[in-house]
Amino acid sequence: MMGGNMQQLMRQAQKMQKQMQADQEKLNASTFTGKAPDDMVTVTATGTHQLTDLVINPAAIDPDDPDMLSDMILAAVNDAMTQIDKTTESTMGKYGRGLGM
């Protein structure tokens, strides 16, 4: 009887591992858009935290205040990274909870 339970557990673990891998691949292929206030800077990133696009509104470019543009870029990038982290936690976190972690 014990052997049958072990086989069933192994099948469930393999199924869960395949689902986890599929979810991770889907997450990695997803894109996330981060924005600075007033959409002055918009960035696009993948689920692997790679930036793929950066759009700067010309109105955000003030030659007398380069720090403002830097701050807007950082805000947009951080917004995208936060979205990726939250989505990763909600997508992948269920696997840790399912394993009692």
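- Residue T91 holds its OG1 atom at 12.5 Å from CE of M20, rounded to the nearest 0.5 Å.
- Once rounded to the nearest 0.5 Å, the distance linking OG1 of T46 with CG of N28 reads 7.0 Å.
- For S90 (side chain) and T87 (main-chain N/O), a donor-acceptor pair under 3.5 Å exists by modelled atom type.
- More than 12 heavy atoms of other residues, nucleotides or ligands shown are found within 6.0 angstrom of CG on D53.
- Taken to the nearest 0.5 Å, the CZ atom of F32 stands 12.0 Å off from the NZ atom of K86.
- Put simply, NZ on K35 and OG1 on T44 are 9.0 Å apart, with the number rounded to the nearest 0.5 Å.
- Between atom CG of residue L69 and atom CG of residue D62 there is a gap of 9.5 Å, rounded to the nearest 0.5 Å.
- Going from atom OG1 of T31 over to atom CD of Q83 covers 10.0 Å, rounded to the nearest 0.5 Å.
- For the pair D79 (side chain) and A75 (backbone), a donor-acceptor distance under 3.5 Å is absent.
- Environment of CD in Q12: crowded, with over 12 heavy atoms of neighbouring residues, nucleotides or ligands closer than 6.0 Å.
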Run the side chain to side chain contact (heavy atoms under 4.5 Å, CB included) check on Q19 and Y95 step by step: do they pass?
CA-CA 10 Å; Q19 185 61 49; Y95 295 107; 3.1 Å; yes

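- Here the side chain of D38 pairs no donor or acceptor atom with the backbone of M40 at under 3.5 angstrom.
- D23 places a side-chain heavy atom less than 4.5 Å from the side chain of K94.
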